[in-house]
Amino acid sequence: MHEDPTIFKTHGGINGISRKIKTSLEDGISETEIETRQKLYGTNKHAEKPPRSFWMFVWDALHDLTLIILMVCAVVSLVVGLATKGWPKGIYDGLGIIFSILLVVLVTASSDYKQSRKFMELDREKQKIYVRVTRDSKTKKVLVHDLVVGDILHLSIGDVVPADGLFVSGYSLMIDESSLSGESEPVHVSEEKPFLHAGSKVLDGTAKMLVTAVGMRTEWGKIMDTLNDDGVDETPLQVKLNGVATIIGQIGLVFAILTFLVLLVRFLVDKVMHVGLLNWSANDALTIVNYFAIAVTIVVVAVPEGLPLAVTLSLAFAMKKLMSDKALVRHLAACETMGSASCICTDKTGTLTTNHMIVDKVWISDVSKSVSCDTNINKLKAAISESVMEILIQGIFVNTGSEVVKGDDGKRNILGTPTEAALLEFGLSLQGDLYDKYNKLTRLRVEPFNSVKKKMSVLIQLPNGGLRSFCKGASEIILEQCGTVLNSEGNITPLSEMQKQNILNIINSFASEALRTLCIAFKDVNEISDDQTIPEDGYTLIALFGIKDPVRPGVRDAVMTCMAAGIKVRMVTGDNINTAKAIAKECGILTEDGIAIEGRELHDKSTDELKELLPKIEVMARSLPMDKYKLVTSLESMYQEVVAVTGDGTNDAPALRESDIGLAMGIAGTEVAKENADVIIMDDNFSTIVNIARWGRAVYLNIQKFVQFQLTVNIVALIVNFVSACIVGIAPLTAVQLLWVNMIMDTLGALALATEPPNDEMMKRPPVRRGHSFITRVMWRNILGQGLYQLLVLGTLMFAGKRLLKIEGPYADRTTNTLIFNSFVFCQVFNEINSREMEKINVFRGILKNWIFISILTATVLFQVIIVEFLGTFANTVPLSWELWLLSVILGSVSMIVAVILKCIPVESRKTDDRPHGYELIPEEPETV
């Protein structure tokens with residue numbers, strides 16, 4: 001849509017365009033026209049790139065350099081084998097490697113394909129945004145994708161404009177078009193400048209808009225079409241582990257080159273001593289090709305490509321589970337960061353409380369009444385005069401951001417924020433029949449509520465020709481603007497200091513009962529010029545409301561769980577300090593040692609005072625968005641805290657962006673807040689936040705378990721082949737066997753260990769502080785202990801196996817090597833079970849609930865039996881007797897006894913962090929791995 005006022009006027013302005021697209025500016029379009037309009041003008045969806053097919057992932061997996069080298073080795077082995085041994089014996093070695101490579105490729109591709117599907121599901125979930133439209137004269141919520149040309153769309157603060165359109169009516173509409181034009185200056189949209197673009201954000205005001213273009217036909221859609229989505233960004237842990245993988249890969253490369261050189265030199269020396277260096281045969285070429293294949297396979301085994309895979313698997317698994325638990329993770333990194341969260345700054349309304357508000361108490365004309373039931377409302381009506389009632393009802397009905405609509409069932413529903421809805425519900429219960437009358441009064445000016453001013457004002461034209469302004473909002477702020485008060489007869493009387501103090505006491509008494517307090521006031525105005533704003537002072541106080549918002553069930557337990565886990569919970573709210581303290585005590589947030597402050601107090605403190613004060617702050621009331629921002633940045637910079645912040649308003653965006661984890665509210669949150677958040681809490685519940693922390697810890701711990709398991713296999717596989725090549729002159733583990741081991745420890749190991757669900761023990765330990773090394777001392781103890789045991793077992797079998805077990809006959813060497821391979825695999829199977837717990841002795845807890853783990857262990861054992869007993873020609877193995885099978889299992893299971901012994905060796909895992917109320921300054925440690 002091009003901003004050309006001339007063309008706009010040529011078409012007859014807003015009325016002319018609405019006629020041309022056959023829509024009513026008051027009643028909207030009819031539901032029956034939706035399909036026709038979608039066919040005619042398009043749907044409100046952006047063109048999606050077609051999903052990548054499974055075979056594209058297979059193609060990607062085949063591009064791995066080491067696998068390509070192995071394929072070349074396999075082809076050379078096939079050619080040389082056929083030339084020397086003929087058909088079919090000559091193809092076994094080469095075919096074995098090719099089949100192993102294909103198996104690795106298929107498993108890797110399947111895993112990647114499933115992850116991409118999961119992320120696509122999450123993307124679709126992110127796009128489920130609801131907007132308010134007028135259709136068939138009714139206001140209703142529809143999915144943003146169902147928006148069509150001709151719809152009358154309602155916009156309010158924090159909305160992202162979902163389509164191109166024209167301003168119909170509204171107040172003080174300020175739009176941020178920086179995402180489209182690059183201009184940071186907000187644009188004032190009105191009847192003179194009516195153009196609205198998809199992708200822009202509502203900074204202030206409210207409006208109705210006529211939708212003129214949707215989807216790919218909007219300016220935003222055309223821009224989006226030119227951009228390519230590069231998929232999921234790597235998380236910090238993936239980057240860190242990629243670094244680890246590179247170092248291990250380089251070590252593996254050195255070992256591989258050394259192994260190849262040792263095998264080659266021994267072969268050449270043997271050749272010189274027996275047949276002479278000039279006497280070569282095709283068999284010699286095959287031997288060298290096999291040596292090279294073993295060297296390349298050592299690189300394949302050494303490169304732990306399973307590390308990034310484990311992170312992705314674990315995060316994707318956690319994201320899927322969290323989605324069913326009402327948390328939508330927008331950025332992968334947030335899931336792992338949440339595991340390290342040491343502080344949660346949470347809103348009160350809707351997060352700690354239910355957000356189902358009702359007016360519980362009213363103070364009006366020096367009378368304070370409870371109005372929680374119909375009897376009390378009738379008593380209130382009897383206690384105040386008709387003129388007072390008229391002004392009160394008028395103030396509630398005209399100065400509101402909510403509206404009363406009739407649903408399809410004919411029932412009356414209120415659309416709007418819970419606080420507004422509570423006041424409107426109260427007004428309707430007093431004199432609901434006057435709603436339509438007062439709603440038709442002309443509103444000349446409207447200043448919608450925002451979290452900086454903490455009030456809403458409106459200027460109306462009275463039926464008798466006069467002007468009247470109403471304002472309502474935070475009780476102390478409105479009281480400051482009042483110089484007079486309405487008495488019981490409806491007369492305006494001066495507000496003395498003593499009366500003011502008395503009203504402040506009533507505000508505090510309401511607040512100490514955990515009620516949100518709100519005042520409403522009015523002022524009659526003779527005239528007002530076009531450039532004047534709604535008056536800021538000289539108001540007459542009408543009433544004070546106490547609004548009840550009960551604490552959510554389970555919040556206190558969730559707060560206690562956080563405290564036990566070393567996570568400090570702080571309440572940050574715009575409410576009165578006494579209301580905040582009462583709710584905080586009820587939730588268990590405000591403790592004896594903690595303090596409650598007002599937001600403005602933060603700005604008056606010096607750096608040293610702030611350092612001393614920060615650990616004690618548990619409640620921050622009357623908080624402005626920049627107060628929340630300062631609290632978050634101070635905690636991060638002074639104490640290296642990992643801070644999670646909840647937010648629902650547009651003004652929360654800076655704090656959400658600056659925090660380590662931004663948590664936006666799915667129900668109460670604006671679209672701007674959601675865009676700046678890492679996680680969207682779909683049910684606005686604090687318990688869900690604790691669940692994210694639990695899963696975050698599970699992700700971190702699962703990846704640690706997997707790294708411990710993988711490094712053990714890496715160390716043993718590298719040393720066994722290298723030492724054997726140096727001493728005996730052959731590698732006991734062939735290329736096919738090593739590829740199978742590689743798959744056990746990479747893809748299958750990642751699947752088994754990265755999908756362990758969280759347990760309660762995880763929330764009884766302190767969070768991992770910034771800068772702590774990922775591989776802990778406990779992990780090194782387990783890796784080195786298990787590695788030494790496995791090397792001892794395999795070394796004994798390699799050098800004394802035949803003699804000790806009396807293995808004789810023409811296949812003695814192959815039987816010994818098969819036993820080494822079998823024992824090595826069973827050591828990994830049992831070590832996988834050991835890795836489920838790094839410090840606890842009981843590794844079987846909850847194992848039967850994790851069907852993925854059980855399935856992978858069973859599949860590994862079954863495949864091992866098939867490889868050893870039936871695929872000997874490819875895997876260079878021979879069938880084993882039941883005694884040797886039993887020996888392999890026993891040798892593997894002894895690793896569990898070794899694990900128990902290792903866990904009894906005390907190792908300081910990391911600094912404890914038991915700081916429920918205050919804590920010492922901790923200098924940031926360098927990031928180490």
Side-chain angles (χ1 to χ4, degrees), residues 110-128 232 235 237-238 308-341 344 554 557-558 561-562 565 567 644 646 661-666 674 677-706 747-765 767-768 835-837 845-856:
S110 301
S111 175
D112 289 346
Y113 178 67
K114 278 182 184 171
Q115 297 327 310
S116 78
R117 289 281 158 185
K118 276 184 189 171
F119 290 129
M120 278 179 71
E121 276 176 44
L122 286 167
D123 279 339
R124 276 196 281 274
E125 199 64 33
K126 285 178 203 172
Q127 290 165 11
K128 282 187 182 173
V232 183
T235 73
L237 195 54
Q238 278 175 316
L309 172 69
V311 180
T312 311
L313 273 172
S314 196
L315 288 171
F317 183 70
M319 284 168 85
K320 191 112 170 58
K321 292 288 181 186
L322 281 169
M323 213 154 109
S324 58
D325 289 346
K326 303 290 182 195
L328 174 61
V329 181
R330 293 184 75 248
H331 302 131
L332 264 182
C335 214
E336 72 187 41
T337 314
M338 195 66 196
S340 304
I344 298 172
D557 292 341
T561 304
C562 284
I567 303 170
T646 70
I661 311 104
L663 306 161
M665 299 298 117
K674 290 176 193 175
D678 302 298
V679 183
I680 298 170
I681 312 297
M682 306 303 274
D683 59 353
D684 291 16
N685 193 341
F686 184 78
S687 302
T688 306
I689 298 169
V690 180
N691 208 20
I692 299 166
R694 187 182 274 113
W695 271 102
R697 291 189 175 195
V699 166
Y700 195 85
L701 208 63
N702 285 348
I703 296 162
Q704 281 188 316
K705 291 173 190 174
F706 174 68
T747 313
L748 298 179
L751 269 168
L753 291 168
T755 54
E756 282 274 334
N759 56 55
D760 292 336
E761 286 296 316
M762 289 175 186
M763 296 304 277
K764 290 176 184 171
R765 58 176 78 188
V768 178
S835 297
R836 291 187 74 241
E837 284 286 352
R845 186 181 61 176
I847 195 168
L848 295 175
K849 291 178 186 173
N850 190 347
W851 63 268
I852 299 176
F853 191 88
I854 297 288
S855 308
I856 285 167

Suppose we screen for side-chain hydrogen bond (donor to acceptor under 3.5 Å, both in side chains). Which residues come up paired with Asp557, at least two apart in sequence or across chains?
none
Please report the shortest heavy-atom distance between Gly662 and Ala677, naming the atom on each side.
O-CB, 3.5 Å
So which atom in Pro767 and which in Gly339 form the shortest heavy-atom distance, rounded to 0.1 Å?
CB-O, 4.4 Å
Less than 4.5 Å apart, side chain to side chain, heavy atoms only: is that true for Asp760 and Arg694?
yes
Arg765 vs Leu701 side-chain heavy atoms within contact, under 4.5 Å
yes
At their closest point, which heavy atom of Asn850 faces which heavy atom of Ala752, and how far apart are they?
ND2-O, 4.2 Å
Does any part of the side chain of Ile847, heavy atoms only, come nearer than 4.5 Å to the side chain of Arg836, both counted from C-beta?
yes
So which of Ile344, Ile661, Leu322 actually passes side chain to side chain contact (heavy atoms under 4.5 Å, CB included) with Ile692?
Leu322
Please name the pair of heavy atoms, one in Ala318 and one in Val699, separated by the smallest distance, quoted to 0.1 Å.
CB-CG2, 3.7 Å
Is a side-chain N or O of Asn759 found less than 3.5 angstrom from the main chain of Met762, in a donor-acceptor match?
yes
So does Glu837 get a backbone contact from the side chain of Arg845, meaning a donor-acceptor N/O pair under 3.5 Å?
no
My understanding is that only residues two or more places apart in sequence, or in another chain, count here; which of them pass side-chain hydrogen bond (donor to acceptor under 3.5 Å, both in side chains) with Asp683?
Thr688
Where is the tightest heavy-atom contact between Trp695 and Pro757, given as atom of each residue plus distance?
CH2-CA, 4.0 Å
Taking all atoms of both residues into account, what is the closest heavy-atom pair of Ala644 and Leu663, and its distance?
CB-CD1, 4.1 Å
Check: Asn702 and Leu753 side chains under 4.5 Å, non-hydrogen atoms:
no
From Asp325 CG over to Ser687 OG, what is the distance, rounded to the nearest 0.5 angstrom?
11.0 Å
Is there a side-chain contact between Met338 and Ile689 (heavy atoms, below 4.5 Å)?
yes
Kindly write out the residues that satisfy side-chain contact (heavy atoms from CB on, under 4.5 Å) with Met682, not counting sequence neighbours, or none if the list is empty.
Lys326, Leu328, Ile680
